[in-house]
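Sequence lines set the chain letters: A, B, ... in the order given, protein chains first and strands last, and positions in each chain run from 1.
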There are 4 protein chains.
Amino acid sequence: MDEFEIEWVADVDLDAPVLVEGLPGVGHVGKLAAEHLLEELESELLARVYSQHFPPQVSVEDGHAELANAEFHAVTPDEGQDVLVLSGDHQAQDNVGHYGLTDAFLDVAEEVGVETVYALGGVPTGELIEEYDVLGAATVESLTDELEDVGVEFRDNEPAGGIVGVSGLLLGLSERRDVPAACLMGETSGYLVDPKSAQAVLEILQDLIGFDVDYASLEERAEEMEEVVRKIQEMEQGPATPSDEDLRYIG
Amino acid sequence: MDEFEIEWVADVDLDAPVLVEGLPGVGHVGKLAAEHLLEELESELLARVYSQHFPPQVSVEDGHAELANAEFHAVTPDEGQDVLVLSGDHQAQDNVGHYGLTDAFLDVAEEVGVETVYALGGVPTGELIEEYDVLGAATVESLTDELEDVGVEFRDNEPAGGIVGVSGLLLGLSERRDVPAACLMGETSGYLVDPKSAQAVLEILQDLIGFDVDYASLEERAEEMEEVVRKIQEMEQGPATPSDEDLRYIG
Amino acid sequence: MDEFEIEWVADVDLDAPVLVEGLPGVGHVGKLAAEHLLEELESELLARVYSQHFPPQVSVEDGHAELANAEFHAVTPDEGQDVLVLSGDHQAQDNVGHYGLTDAFLDVAEEVGVETVYALGGVPTGELIEEYDVLGAATVESLTDELEDVGVEFRDNEPAGGIVGVSGLLLGLSERRDVPAACLMGETSGYLVDPKSAQAVLEILQDLIGFDVDYASLEERAEEMEEVVRKIQEMEQGPATPSDEDLRYIG
Amino acid sequence: MDEFEIEWVADVDLDAPVLVEGLPGVGHVGKLAAEHLLEELESELLARVYSQHFPPQVSVEDGHAELANAEFHAVTPDEGQDVLVLSGDHQAQDNVGHYGLTDAFLDVAEEVGVETVYALGGVPTGELIEEYDVLGAATVESLTDELEDVGVEFRDNEPAGGIVGVSGLLLGLSERRDVPAACLMGETSGYLVDPKSAQAVLEILQDLIGFDVDYASLEERAEEMEEVVRKIQEMEQGPATPSDEDLRYIG
């Protein structure tokens, strides 16, 4: 296997699509958002990317083993722009790998004709929150203006430390390819998987690219998470024993 | 020395062999199992693999130094399929190295004509156990069915986190070469070398590929390990002072 | 993107310039010093260097995202030598990257005709200090003599452990290119950003290459830092809650 | 600068020389031993090796900066075999670098016509000791026999964990080049620089290759170290405040 391998699975024509990235990160916000799109809209697996920079592992589901990879799905909704959704369970495991892997992702996007890139993620507040603002960053002013128009917040010194990982590199490397790119970051505590933050981000994205989805399943997960938080707060004295489901994010 | 070096030691013809991998991992289950096969059956050293991704060290035995390597032995038992056994004391030390090294292993397997790959390992339960189930994963359904037929367990969400390291990559990279591959994982505490788990795995493998071995030496080692556990439990108050033999696994 | 990318932004002729490096390090002394030069003197952005060895991130300012990079500015002051200033927010993140990145920096310097290299940094004393000496090291005796003449200190066994990172490598790799190079290191506690140390280093550099700048803004920052130190000393009992501005250096 | 650079400094003909390696390791035993040979016998600097796998730093002495490197000196004593001494302050900083760097060292040795390799080091006992045995390992039996004849000890399971780093790799990679190689390891606590252990190793090496040196300076250093140990034992209650000289080994 080469350092980066793109495996084309289907041949689908997308019309001036946008790339929407949702790989694991803070609060799994981007991951939840991307996966929600794939659940709610019809999609077709377009390509997989394998890499020596992904963790050296296979995932196992129903006894079937699958090598670590990231997936591109084509989504052609009735309303709104065509979307190329990038999802998966891993980011690159080393510095040079991050750059190379993001370039591989953008090679797929370029092949498919992507014209705008949206990276989705979370920005940690360090505490549980009630209101879910969505912060933004972009590579060109036209896109910053668009984001502001739909309610994205731009604050001095936020995000502190910039944007790290694939979401940040998608912006930086898209700019080198003259492809406009923006990052939408839902505020989140940073301690838990955050379906509310994912919903806040999707509601903004919806205003930007026009799809229409139901949010019931994300709202359900949000209630489950709130239940988990309540249980953890109650168990303050003895060792917390969350269920397997509660533990799905931690580690 | 190149990044990966395959040193062919003998020229042996194997007939439609299977690859059985037992490199160090959880509980040293795979390692113990592979070494037991080599002790109980006649084998011939076929090849060694050296790599810049192995730890930078030599092992010393009777004053003789040997560079870190993995070994392939040819086993042609009276009963059952021919076996190419992969054993050793190390896995790759870095991410990219894991992928490259596993590809080097599969190059040897391909050269020898291997038709099915079995990776052996342990899955940690986090506690000492009485019953030793063997969990499984495979790359093709035919193999999953075979495994189930001989008593391998397939459970939802297990192994959590998938299969990491050479055992996992042997599955993922074999699939890319269209070679059916399966992983047999003996339950084990994860705290100690586990000869009982190795035996459980070998008993399953025996049903799959037909060899016939005696388990007396593994049973002996199991009794020694139980003695170690008893001593450690007795020494709970003061600092435990296990013997060198007890310490052979830890670190 | 390649492993190292030099992006030339402008075409400026410098006359026998010196390179002045101020990337982040101990006490951010070099960084503050280089940035002060760019604030006080007229400068023009000459080139940017990107690398797969920089952290995988973008910085965000006013909603605009910029890929991690180092910048070269051309400074042609009325008094003193022309200066090529190297500044930025990151050093290489891995060993081999450090060497390669410094070579890329020296390629830019060579292209621009740099004849002497000055690396600026801090040397940690481990405690808050009152007097700010500047220690030195150079690759050729003529430069060591020059440094001594303007008050740079050379002490036995200092800096202990040599000079690590880009400042050290600029000396070592400049010597391989027969370009004289020196490092000026301002004493600093090592705990805080240190504008006083930066000023001490600039005052020495001024004597070496002849520019003339005002130090008011650095003196202001020094007073702010002393205020921060006073607050931290007062808050010794409860958890210190420094403001965002206080925290700008830590992490 | 390339990944590995060999800089030939002088052109010296050595007659069937042996390579003696003394890079930093446990107790700095090998380093002290090699440096003692260079102090006591006439030597000429033959070559330097630079590498992107050495730490990214320069050492500073009398204000002069020198890029991290390893040195080869030619020693042609009146009595005994010609010696190529490998000394320095660093080992490779990463796994792949260790292998590549040792190959570069052996390329120099091959160019010079080295016929036998001696790697010098320490084996940690974990406690302060009175008697200083020297343990051994070699790649060929003839050399193991020679070592035993001059009093080197070969014990079951020692060194536990084999020999790690350049000393181990010199053995492993010399064997691949059909050059006999041995490692002499002086017992040492592992907590301190150990001149007594270095002397024990040199006394064995002397019997093997025939040089004749005075050990007074090593004995002096041994007395200084014993003084340090006594001071540390006295200071058990308060924070130990060893002098700079005491700290020369730690870190």
Side-chain angles (χ1 to χ4, degrees), chain A residues 3 25 53 91-104 106-107 117 119 121 123 126 135-148 152-177 180-185, chain C residues 1-9 24 28 31 45 47-71 88-101 103-104 165-166 193 239-251:
Chain A
E3 199 181 356
H53 295 282
Q91 289 214 29
Q93 301 294 295
D94 62 283
N95 210 94
V96 165
H98 266 295
Y99 278 85
L101 195 56
T102 308
D103 258 334
L106 289 174
D107 287 343
V117 169
V123 53
L135 275 52
T139 58
V140 291
E141 207 166 324
S142 54
L143 212 37
T144 318
D145 293 342
E146 268 196 68
L147 261 49
E148 247 180 326
V152 173
E153 298 256 347
F154 293 91
R155 298 181 193 151
D156 267 2
N157 297 323
E158 287 190 48
I163 307 170
V164 183
V166 69
S167 294
L169 285 187
L170 277 171
L171 265 58
L173 296 179
S174 290
E175 183 167 39
R176 296 182 63 76
R177 295 170 184 239
C183 187
L184 304 175
M185 295 161 283
Chain C
M1 198 184 93
D2 291 338
E3 198 181 357
F4 305 100
E5 296 243 11
I6 298 170
E7 180 187 83
W8 293 95
V9 170
H28 276 197
K31 181 164 148 65
L45 176 65
R48 283 199 184 93
V49 176
Y50 299 93
S51 171
Q52 294 190 337
H53 295 281
F54 274 138
Q57 64 180 84
V58 291
S59 60
V60 179
E61 199 169 311
D62 296 329
H64 179 260
E66 188 181 274
L67 185 61
N69 67 84
E71 292 186 342
D89 294 325
H90 314 284
Q91 290 214 28
Q93 301 294 296
D94 62 283
N95 211 94
V96 164
H98 266 296
Y99 278 87
L101 195 57
D103 259 333
V166 68
V193 166
T241 50
S243 69
D244 285 338
E245 202 165 314
D246 299 342
L247 282 174
R248 199 170 298 150
Y249 175 57
I250 305 162

Looking only at heavy atoms, the pair that brings Val58(C) and Gly168(A) closest together is CG1-O, 3.0 Å
Honestly, the part of Phe54(C) sitting under 4.5 Å from a heavy atom of chain A is both
Exercise for the section: Take Leu171(A) and Leu67(C) through the test side-chain contact (heavy atoms from CB on, under 4.5 Å) and record every step on the way to the result. Expected result: CA-CA 8 Å; Leu171(A) 265 58; Leu67(C) 185 61; over 6 Å; no
Given Glu7(C), Gln52(C), Gln57(C), the one with more heavy-atom pairs under 4.5 angstrom with chain A than any other is Gln52(C)
Interface check, chain C: of Asp156(A), Asn95(A), Val96(A), most non-hydrogen pairs under 4.5 Å belong to Asn95(A)
Looking only at Ala182(A), Gly172(A), Gly161(A), the option with the highest number of non-hydrogen pairs under 4.5 Å against chain C is Gly172(A)
Honestly, the part of Glu158(A) sitting under 4.5 Å from a heavy atom of chain C is backbone
Can you find a pair of side-chain heavy atoms, one from Val164(A) and one from Pro55(C), that are under 4.5 Å apart?
no
So do Met1(C) and Leu173(A) actually touch side chain to side chain, heavy atoms under 4.5 Å? yes
Closest non-hydrogen atoms of Tyr99(A) and Ala68(C), given as atom of the first, atom of the second and distance, are OH-CB, 4.1 Å
Closest heavy-atom pair, Gly63(C) versus Thr144(A), reported as atoms and distance to 0.1 Å, is O-OG1, 4.3 Å
Chain A shares the most heavy-atom pairs under 4.5 Å, among Glu5(C), Glu66(C), Glu61(C), with Glu5(C)
One option among Ala92(A), Pro159(A), Ala138(A), Ser167(A) has the most heavy-atom pairs under 4.5 Å with chain C, and it is Ala138(A)
